[in-house]
Number of protein chains: 2
Amino acid sequence: MQARKNFNDFFKSAFTVDNVIFGFDEGKLKILLIRRNEPPFEDFWALPGYFVQPKEDLEAAAARVLREMTGMENVYLEQLHTFGSPGRHNLGRVITVAYYSLVKIADFRPRAAGLAQDITWHTVDDLEQLAFDHEEIVAVALDKLKKSIRTRPVGFELLPPAFTLTELQHLYEAIWETELEKRNFRKKILSMGLLEDLNRTQEGVAHRPAKLYRFDEAIYRKLEESGFNFEMKESKSK
Amino acid sequence: MQARKNFNDFFKSAFTVDNVIFGFDEGKLKILLIRRNEPPFEDFWALPGYFVQPKEDLEAAAARVLREMTGMENVYLEQLHTFGSPGRHNLGRVITVAYYSLVKIADFRPRAAGLAQDITWHTVDDLEQLAFDHEEIVAVALDKLKKSIRTRPVGFELLPPAFTLTELQHLYEAIWETELEKRNFRKKILSMGLLEDLNRTQEGVAHRPAKLYRFDEAIYRKLEESGFNFEMKESKSK
DNA sequence: GCAAAAGTGTTTCATCTACACCCATGT
DNA sequence: ACATGGGTGTAGATGAAACACTTTTGC
């Protein structure tokens with residue numbers, strides 16, 4: 001470590017938060033992007049984010065950005081990774097703490113934050129070039145999401161409060177980019193006892209209507225305390 | 001989002017890296033702490049860390065701190081979490097990016113960074129009060145380590161290049177704070193085919209000497225590419 | 001020959017995998 | 001009546017859990 005410096009030299013950085021906001025719709029995994037209307041990267045799509053206010057907690061900043069962009073509150077939000085290459089921003093040293101969020105896409109009402117920016121959902125498998133290092137951030141978020149739905153019951157955050165087993169299966173298939181075997185998937189998820197049968201069915205579908213379920217978080221918390229581990233497998237072997 | 005501000009207002013933060021450096025010795029999991037010799041938290045034990053230099057990458061900063069404190073290079077180092085409560089540092093807004101590191105404790109040669117500070121290993125199960133929010137950081141690191149050794153072959157980073165199966169088992173037991181069944185543990189780990197039998201044995205022990213193994217990273221990488229998932233279980237049932 | 005840890009096999013049980021047909025509804 | 005997805009059971013394979021005794025070395 002070099003000799004003691006004037007500490008003030010270190011107080012010349014800025015922090016931002018960037019959110020990877022996942023949604024699920026039409027059988028596809030999506031993320032919410034905003035089109036920048038100012039340099040740098042003007043007209044590029046980017047992750048919603050902003051500077052962290054001087055007395056603001058990091059997670060609060062992420063929640064604020066999410067609220068301002070989508071009108072949503074109390075949604076699943078978790079810190080992902082921090083990106084801080086010296087050259088990642090042209091205004092100076094800007095480090096971004098990336099968060100990822102899982103939202104029910106039907107609840108979304110865009111509010112483009114006073115800036116009248118485009119803000120729309122994009123399917124993750126055909127993203128164009130994004131601003132800054134946001135492609136890398138999205139890649140890390142996708143990776144984390146794949147692992148996360150395997151070991152924690154967070155997939156439900158992307159579905160409406162009442163969902164069918166097939167919808168849930170399609171969600172796993174979309175995120176893992178694989179196909180799952182219907183009977184085994186159902187047996188596995190039902191055997192955990194985390195889904196409550198709502199005794200209601202789909203309406204208006206041109207085939208046998210499916211039963212609706214909800215995820216019972218209270219049961220999950222209890223099981224978790226007594227050592228239960230949520231776990232889904234990708235299988236469908238080779 | 002509020003009206004556009006002078007962006008300069010945001011460039012008044014500093015960031016640091018802090019390292020949770022894990023080692024394993026005498027059957028116990030340890031972390032490396034430094035005793036502070038200046039305020040704030042003078043005389044408290046703290047995680048090794050320092051300000052990130054203006055043009056330095058985050059991971060490079062973490063590696064630098066590690067090298068300066070321990071003389072070690074090329075060791076396992078991974079980003080953990082970023083801590084940024086507004087009140088966590090008295091000099092101003094300081095956000096810390098925490099890393100965790102797994103090292104072979106025998107390689108350690110302390111170099112107290114010109115500051116002649118105490119730097120010693122502490123067993124993790126009886127830590128006194130630490131400086132700043134470092135207790136929280138250690139708790140998060142421990143949690144991550146527990147999960148990490150379950151699904152990735154990183155435990156070997158804490159052992160010498162040649163180790164016995166019993167040492168490996170004790171490592172898992174120390175981190176998970178549980179006991180494992182010897183025969184099942186051995187069958188499980190050997191069945192993965194990641195350990196190379198070195199055809200050497202312990203010397204100077206007052207009992208039957210154990211065989212020495214090494215972890216074969218090349219094989220692991222190959223298996224991983226073809227879809228293999230490392231996984232150890234805590235079991236020993238209830 | 002005794003102490004101390006190393007090393008090893010089998011049975012039981014639970015879970016995972018693969019697989020094909022009937023059911024309920026809308027049109 | 002037909003098209004569409006919903007819904008179910010079983011046999012076989014695999015992996016996990018439980019459990020006790022023999023072996024090798026130093027002293």
Side-chain angles (χ1 to χ4, degrees), chain A residues 26-27 150-151 159-160 162-174 176 178-214 223 227-238, chain B residues 26-27 150-151 159-160 162-174 176 178-214 223 227-238:
Chain A
E26 300 163 342
R150 189 188 317 266
T151 54
L159 293 175
F163 52 85
T164 70
L165 293 182
T166 299
E167 285 166 354
L168 182 61
Q169 182 178 339
H170 288 340
L171 171 64
Y172 273 87
E173 289 174 337
W176 283 342
T178 184
E179 297 203 341
L180 300 170
E181 210 278 327
K182 183 166 62 163
R183 281 168 290 193
N184 294 338
F185 180 84
R186 287 167 178 239
K187 256 178 296 186
K188 184 69 204 280
I189 194 80
L190 287 177
S191 74
M192 295 192 209
L194 298 173
L195 299 188
E196 183 189 353
D197 182 343
L198 291 171
N199 294 311
R200 289 162 43 207
T201 53
Q202 282 180 311
E203 286 172 24
V205 288
H207 55 76
R208 176 173 175 177
K211 290 169 107 169
L212 293 170
Y213 293 85
R214 76 176 193 93
L223 284 174
F228 167 81
N229 278 317
F230 183 90
E231 181 156 9
M232 296 298 288
K233 299 233 165 112
E234 268 177 66
S235 58
K236 178 69 181 182
S237 62
K238 43 195 80 168
Chain B
E26 300 165 340
R150 188 187 317 265
T151 54
L159 294 175
F163 52 85
T164 69
L165 294 182
T166 300
E167 284 167 354
L168 183 59
Q169 181 178 340
H170 288 340
L171 172 64
Y172 273 88
E173 289 174 336
W176 283 343
T178 184
E179 297 202 342
L180 300 169
E181 210 278 326
K182 183 167 60 165
R183 281 169 289 193
N184 293 338
F185 179 84
R186 286 167 178 242
K187 256 177 296 185
K188 185 68 202 281
I189 194 81
L190 287 176
S191 73
M192 294 192 209
L194 298 173
L195 299 188
E196 181 190 353
D197 183 342
L198 292 172
N199 293 313
R200 289 162 43 208
T201 54
Q202 282 179 310
E203 286 172 24
V205 289
H207 55 78
R208 175 173 177 176
K211 292 169 106 169
L212 292 171
Y213 293 86
R214 78 175 191 95
L223 284 175
F228 168 80
N229 277 318
F230 184 90
E231 180 155 12
M232 297 296 290
K233 298 237 166 112
E234 269 179 64
S235 60
K236 180 68 181 182
S237 63
K238 50 191 84 163

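Below, chain A is the first sequence line, B the second, and so on; all start at residue 1.
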Practice item. State, to 0.1 Å, how close L180(B) and K233(B) come at their nearest heavy-atom pair, and which atoms those are. Key: CD2-O, 4.2 Å

Check your understanding: Heavy-atom count around E231(B) CD within 6.0 Å, excluding the residue itself: above 12?
Key -> yes

Check your understanding: Given atom CZ of R200(A) and atom C1' of dG6(D), what is their separation to the nearest angstrom?
Key -> 17 Å

Practice item. Of all the heavy-atom pairs spanning Q169(B) and K182(B), show the shortest one and how long it is. Key: OE1-CA, 3.7 Å

Check your understanding: Who are the ring-ring contact (aromatic ring centres under 6.0 Å, His included) partners of Y172(B), not counting sequence neighbours?
Key -> W176(B), F185(B)

Review point. Within the structure, does a side-chain N or O atom of R183(B) lie under 4.0 Å from either OP1 or OP2 of dG7(C)?
Key: no

Practice item. Let me see the working for T201(A) and L212(A) under side-chain contact (heavy atoms from CB on, under 4.5 Å), right down to the final yes or no. Key: CA-CA 5 Å; T201(A) 53; L212(A) 293 170; 5.7 Å; no

Exercise for review: Would you mind reading off the distance between F185(B) atom CZ and dA18(D) atom P, rounded to a whole angstrom?
Suggested key: 16 Å

Review point. On a plain distance test, is the side chain of K188(A) in donor-acceptor contact with the base of dT17(C) below 3.5 Å?
Key: no

**Study point:** Pairs involving residues 187-197 of chain A, ordered by first then second residue, that meet side chain to side chain donor-acceptor pair (under 3.5 Å) (sequence neighbours left out)
**Key:** N184(A)-K187(A), E196(A)-R214(A), D197(A)-K211(A)

Review point. F228(B) CZ to dG15(D) P: how many Å, rounded?
Key: 11 Å

Point to revise | Value in whole Å for how far the C1' atom of dG7(C) lies from CG of L168(B) | key: 16 Å

Practice item. Can you tell me the distance, in whole Å, between the CG atom of N184(A) and the C1' atom of dA11(D)? Key: 13 Å

Check your understanding: Would you say the side chain of K182(A) and the base of dG5(D) hold a donor-acceptor pair, judged only by whether the two atoms sit under 3.5 Å apart?
Key -> no

Review point. Between dA16(D) atom C1' and E234(B) atom CD, what is the distance in whole Å?
Key: 15 Å

Exercise for review: Mark up nucleotides 22-27 of chain D, 5' to 3', with B wherever a protein heavy atom is under 4.0 angstrom from a base atom, S wherever such an atom reaches only the sugar-phosphate, and - elsewhere.
Suggested key: -BBBS-

Check your understanding: When the distance from CZ of R186(B) to C1' of dA18(D) is rounded to whole Å, what number comes out?
Key -> 17 Å

Check your understanding: Taking for each residue the nucleotide of DNA chain D with the nearest heavy atom, is it K187(B) or T164(A) whose nucleotide lies nearer the 5' end?
Key -> T164(A)

Practice item. Please determine if a side-chain N or O atom of T166(B) lies less than 4.0 Å away from the OP1 or OP2 oxygen of dA6(C). Key: yes

Practice item. Please state how far atom NZ in K233(B) lies from atom P in dT15(C), giving the value in whole angstrom units. Key: 10 Å

Study note, to complete from the structure: Residues A162(B) and E167(B): closest non-hydrogen pair is O-OE1, 4.5 Å

Exercise for review: Would you state whether a donor and an acceptor, one from the side chain of K211(B) and one from the base of dG7(C), lie under 3.5 Å apart?
Suggested key: no

